[in-house]
There are 2 protein chains.
Amino acid sequence: MKSLVSRCPIEEVMQVLSGRWPTLLIYYLKQGTKRFSDLRRDNPTISHKMLTLELRKLEDAGIVERTEFGGYPLRVEYQLTPAGHRLVPLIDALGEWWDTTSDTGAQSSPADTEPVIPNTVSRD
Amino acid sequence: MKSLVSRCPIEEVMQVLSGRWPTLLIYYLKQGTKRFSDLRRDNPTISHKMLTLELRKLEDAGIVERTEFGGYPLRVEYQLTPAGHRLVPLIDALGEWWDTTSDTGAQSSPADTEPVIPNTVSRD
DNA sequence: TCGTGGTTACAAAAAGGTGCGTAATTTACT
DNA sequence: AGTAAATTACGCACCTTTTTGTAACCACGA
């Protein structure tokens, strides 16, 4: 992982939220508790390795909580922590800012920005 | 540059703001107009290649405006656009969120989070 | 044998750094 | 006076580092 250049909170958050996946995962997790395989179905283009890595990162950042239910085919559930939930509106605000600034005419829903996932499914 | 996975504004903003530099550059630019060499002095660890690349990206995103004054030694000035200024508080909010969640005891300034740049200066 | 939620090793791709070249004018030195 | 060097904001080519993808493997129990 890239080391920090300054000791400022902004750079620290960005280190966690940077990249394609963190905000997407947060988006799906705000819908409620999800299992590993659920998240894979939600965004089919992430590799399982990336998914585990990103989930760990979000976990370490205190955004996501991992609950492991022991047993047979092994069940693990992921959900947003309270802090994670508090983060959601801030991210949404960024999305709305983007919508209003890069206003190329017609926009869709005002609040609750919704990712339209394509299906470039990569089987493995 | 990585292509988008979904067509959602959040992913689009994050594509612009992701990485170590965008937020740092915005931070320094909110202090006012800066020249290329000023920004290099502000954060000595960025290479000129990265700086131009990141500035272009911010320019394309409508966050930063580039003004070129002809003549030689050629002078160029960078400043936040109105949209860029509107973005600043949103980014600051993320910093504050981080501060309040990862609260490891003592914190510094409440608002106006300030990067403390180190001086691993690389001359070139 | 399959499915779950991983880990590990290796390969590919992307990001980033380094150094050189460039322009026209000023300043520095001889 | 004449030459040389420095200046500013890059672009380009090459090379290294980091990130991400791929595939194989593991455990367990149904």
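The structure presented is a predicted model; accordingly, all values stated were derived computationally and were not measured. Letters A, B, ... mirror the listed sequences (proteins, then strands); counts begin at 1.
- Checking D:dG21, D:dC10, C:dG16 against every side-chain atom of B:Met50, the shortest atom distance belongs to C:dG16.
- In this structure, B:Leu55 atom CG and D:dA9 atom P are separated by 11 Å, rounded to whole Å.
- Distance alone, capped at 3.5 Å, places no donor-acceptor pair between the A:Thr33 side chain and the A:Gln79 backbone.
- Distances shown here put a side-chain N or O of A:Ser37 below 4.0 Å from the OP1 or OP2 atom of C:dG5.
- Across all strands shown, A:Arg56 has heavy atoms under 4.0 Å from sugar-phosphate atoms exclusively, and none from any base.
- Computed from coordinates, the B:His48 NE2 to D:dA9 P distance equals 13 Å when rounded to whole Å.
- Nucleotide D:dA9 holds its P atom 20 Å from the NZ atom of B:Lys49, rounded to whole Å.
- In this structure, CZ of A:Arg75 is placed 18 Å from P of C:dG3, rounded to the nearest angstrom.
- Using a 4.0 Å cut-off between charged side-chain N and carboxylate O, A:Arg41 and A:Asp38 make a salt bridge.
- Within the 4.5 Å cutoff, side-chain heavy atoms of A:Met50 are placed close to those of A:Ser47.
- Across the protein-nucleic acid pair, A:Glu77 atom CD and C:dG5 atom P stand 9 Å apart, rounded to whole Å.
- The residue from B:Val64, B:Ile63, B:Leu58, B:Asp42 that alone fulfils the side chain to side chain contact (heavy atoms under 4.5 Å, CB included) condition with B:Leu25 is B:Leu58.
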So which protein N/O to nucleotides 25-30 of chain D N/O distances come out below 3.5 Å?
unit_1, atom_1, unit_2, atom_2, d
D:dC28, O2, A:Tyr72, O, 3.4

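- One atom, CD of B:Glu54, and another, C1' of C:dA14, lie 14 Å apart when rounded to the nearest Å.
- Counting non-hydrogen atoms under 4.0 angstrom, B:Phe69 reaches nothing in the nucleic acid.
- Between A:Leu51 atom CG and C:dG5 atom P the separation is 10 Å, expressed in whole Å.
- At a cut-off of 3.5 Å, with distance as the only test, a side-chain donor of A:Trp98 or B:Glu12 sits close to an acceptor on the other residue.
- A close approach under 4.0 Å does occur between a side-chain nitrogen or oxygen of A:Arg35 and OP1 or OP2 of C:dG5.
- As rounded to whole Å, 12 Å separates atom P of D:dC10 from atom CG of B:Asp38.
- You'll find the side chain of A:Leu80 stays beyond 4.5 Å of the side chain of A:Glu65, heavy atoms only.
- Close to C:dT18, at under 4.0 Å from its OP1 or OP2, lies no side-chain N or O of B:Ser47.
- Between B:Arg75 and B:Glu77, at least one side-chain N (NZ, or NE/NH1/NH2) sits under 4.0 Å from a carboxylate O, which counts as a salt bridge.
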